[in-house]
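Notes to accompany the following structure.
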Protein chains: 2
Amino acid sequence: MGDSSDSRPEKSAGGSRDNPRATGAVRLSDVAAAAGVAAMTVSRALNQPELVSERTRERVQRAVIETGYVPNRVAGALASSRSRMVAVLVPTVAHSLFADVVQSMTDTLACEGYQVLLGLTGYQREQEEAVVETVLSRRPDALVVAGTRHSSATRQRLEAARIPVVEIWDMSDDPLDMLIGFSHHAVGAAVAEHLLGCGYQRFGQVMADDPRSHQRAEGFNARIKAEQATRPQAGIKVTTHWADIPASLAGGRSGGAALLARMPDCEAIVCGSDTLAMGVIAEAQSRAMAIPDALAVMGFGDMGFAAATWPALSTVRIDGAGIGRLTADHLLKRFETRHHEPLHDVLDIGFEIVARQTTRAHRS
Amino acid sequence: MGDSSDSRPEKSAGGSRDNPRATGAVRLSDVAAAAGVAAMTVSRALNQPELVSERTRERVQRAVIETGYVPNRVAGALASSRSRMVAVLVPTVAHSLFADVVQSMTDTLACEGYQVLLGLTGYQREQEEAVVETVLSRRPDALVVAGTRHSSATRQRLEAARIPVVEIWDMSDDPLDMLIGFSHHAVGAAVAEHLLGCGYQRFGQVMADDPRSHQRAEGFNARIKAEQATRPQAGIKVTTHWADIPASLAGGRSGGAALLARMPDCEAIVCGSDTLAMGVIAEAQSRAMAIPDALAVMGFGDMGFAAATWPALSTVRIDGAGIGRLTADHLLKRFETRHHEPLHDVLDIGFEIVARQTTRAHRS
DNA sequence: AAGCGCAATGATAGCGCTAACATCAACAGG
DNA sequence: CCTGTTGATGTTAGCGCTATCATTGCGCTT
């Protein structure tokens, strides 16, 4: 029956704004009136164009432009229970590795019309708990969180939310749902293995005081302990300095100084991040210690600058952008298939030791 | 009542779960039933507790915990036309300066229950246009965007949205609404002034190829041109190299190499960012050029690492975190007063030249 | 007793959209 | 002719909240 429902005398684009609760913005029904179709048809023309005839689709498109319509996805989300938002919880974005993840995830999701709701957990559990709650109140279609160690309250909330959850940047045997990351313990062990292979024996560590750095340090120490057991006479030893978080170049520099004070005969310093490593190098350079001859330095992260410093930094490469892309792709696939049951699936993307000029050559 | 073990999802939970469109989550009305009050009272107890008697407030709080209620702010936003979200549009977060802004803004807003909807514009106008549209469809309460140069379509949409808009990280005489930033042209001029004051005459520039770097380069060149006019015999000259974006240490290094090839007698290189500067320094060190004696280097941004490198980087300090905090505070104040008219207000937060060790001392 | 102000609470009616079903025209086969 | 099928469109009834106004109870004045 077409247009009998709308009162004809209304003045064109202005519409019936007599209701005090209306926002005054152009609505779907305004576009529908302009195109001479029902609101539902406009909704379909925009969201499932294949269900609408070409003629109508064009009429609607013209009406959208004419009225300057911007869809209200808040209302859409309420009606359809799909918000097309993905919550991303990371400790900080002021750290290149997490920034890479957020960047690539945002880019990938944007292509499919999804958007990122950013939450910063600041390396603290209680902050994570609060952020999880506020973020879930927006009813995101999925949640991505860095790390696998959550308070039980957080775990409960995440399970109750019944949305896909991806833990990233870590490994665990017992993921909440999907897990995309790498083993920090294995990184530490591999670094130890590599440096032992280079012939170093007296090690320092300058690590940030966060859970994942602790895991890497543990992995490192475990491998070293094994070597000490095998070759007790070799004089292998380790001293560790914990730097404040967030890790900074200045923290690396003072950490390096502190470490060298405690262990003057240190041959190689393993750092919790490339940034800390740069700080250690700066400290060494200010003491005119030759690198890597007087002191070897190993970073973590292979951040953009690592390859281009002088001397070029030996480090561990993590593909942060890859994690972001994989995570986004995985989520998009699940949205498509509407598969909302937890998977308990683990994807280890691994890491790579990149030997450059701040460590001496490996005796292969 | 204990907790519900996860193996058995919602079964009864007193309510009309027979409706196929209900999400199955705990609703306000479920809490109301548990507390023995009306839904509206629960809403008030949570959002305007001062309007509710202490006795009722406590009953509601207990019911919230008992039921595990997580508010649905999508519905809340639709009903109240207040989403408590702020859209933040920056070119990238994989750049420490913008990451700082995003970080501090997110932190400050989170305290008041506001959340950040992140949009990445990738330095490209058409991408900005698309991002603005999708972001506005979420009906954020305000929008923050880096830069002042927008396409006319973008400007129109932003004006039509009738929400506070803050442009940051730049200066303009004609802001859309609020503007918090600094003059890139003035930065360039001040750097030129400073380096001339140090006695340098043959300048190189390694700049990223983005609009704001262009403005700084222009400011620099303008000041140099004035000096050339004043002292035509002095042999003052400038060569500029444009590096690809996003700026990287590697880009700085190759840019430095390219510049030195074109201008072997260059005395001082001004860089578009600290990252580029680090690259130039790395290139100089690989050529055993002493810094600052054989070559002076000036950065931009005073990123965390600038003070701690060896030699410590002379640079221009921008208070990114300050911009983020100021912006957030400003918005929170406007939300409080519900002042939604554009202000056309400009706040210049300035900058500071930080002379460290990569430039020689200023002849004061 | 009636009236008034005030604080606390409840009932109602949407916000702008979409899921689900209803309708309708056009056409095929029996 | 009827019936069934298909594709395009329309109608209805919410999604889960909150703005708004109505109602209630209580202490106080007149």
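Since this is a predicted model, take the numbers as computed values, not measurements. Chain naming here is simple, since letters A, B, ... match the order of the sequence lines and numbering starts at 1 in each.
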The complete set of side-chain hydrogen bond (donor to acceptor under 3.5 Å, both in side chains) pairs with one or both residues in residues 56-65 of chain A, sequence neighbours excluded, reads A/Ser53-A/Thr56
Residue pairs passing the side-chain hydrogen bond (donor to acceptor under 3.5 Å, both in side chains) test with at least one member in residues 106-121 of chain A, sequence neighbours excluded, are A/Arg82-A/Tyr114, A/Gln115-B/Arg138
Rounded to whole Å, CD of A/Glu50 lies from P of D/dT9 at a distance of 13 Å
Atom CZ of A/Arg57 and atom P of D/dG7 are separated, to the nearest Å, by 15 Å
Between CG of A/Leu51 and C1' of C/dA20 the distance, given in whole Å, is 14 Å
The side-chain hydrogen bond (donor to acceptor under 3.5 Å, both in side chains) partners of A/Arg157 (sequence neighbours excluded) come to A/Glu133
Below 3.5 Å is the cut-off: list the nitrogen or oxygen pairs between protein and nucleotides 14-16 of chain C, distance only.
from: C/dG14; atom 1: O3'; to: A/Asn19; atom 2: ND2; distance (Å): 3.4
from: C/dC15; atom 1: OP1; to: A/Asn19; atom 2: ND2; distance (Å): 2.7
from: C/dC15; atom 1: O2; to: B/Ala79; atom 2: N; distance (Å): 3.3
from: C/dG16; atom 1: OP1; to: A/Thr23; atom 2: N; distance (Å): 2.9
from: C/dG16; atom 1: OP1; to: A/Thr23; atom 2: OG1; distance (Å): 2.7
from: C/dG16; atom 1: N2; to: A/Ala75; atom 2: O; distance (Å): 3.3

Sequence neighbours excluded, the answer for ring pair (Phe, Tyr, Trp, His ring centres under 6.0 Å) partners of A/Tyr69 is none
side-chain contact (heavy atoms from CB on, under 4.5 Å) filter on B/Gln124, not counting sequence neighbours, yields B/Gln127
Across all chains, not counting sequence neighbours, the side-chain hydrogen bond (donor to acceptor under 3.5 Å, both in side chains) partners of B/Thr92 are A/Gln103
Rounded to 10°, the angle between the first-five-pair and last-five-pair axes of the helix from C/dA1-D/dT30 to C/dG30-D/dC1 is 60°
Open item on the list: Can you see if the side chain of A/Thr56 gets near the phosphate of D/dT9 - specifically, an N or O under 4.0 Å from OP1 or OP2?
Closed with: yes
Sorted by chain and number, sequence neighbours left out, side-chain hydrogen bond (donor to acceptor under 3.5 Å, both in side chains) with B/Glu129 holds for B/Ser151
**Q.** Crowding at CZ, B/Arg155 (>12 non-hydrogen neighbours, <6.0 Å)
**A.** yes
A/His330 meets the side-chain hydrogen bond (donor to acceptor under 3.5 Å, both in side chains) criterion, sequence neighbours left out, with A/Arg334
For residues 70-81 of chain A, the salt bridge (Lys or Arg N to Asp or Glu O under 4.0 Å) pairs (sequence neighbours left out) are none
Rounded to whole Å, CZ of B/Arg82 lies from P of D/dA19 at a distance of 8 Å
Quiz item: Counting N and O atoms only, with roles assigned by atom type, does the side chain of B/Asn47 sit under 3.5 Å from a partner on the main chain of B/Arg44, one being a donor and the other an acceptor?
Solution: no
Here the residues of residues 38-45 of chain A within 4.0 Å heavy-atom distance, strictly under, of DNA chain C are A/Met40, A/Ser43
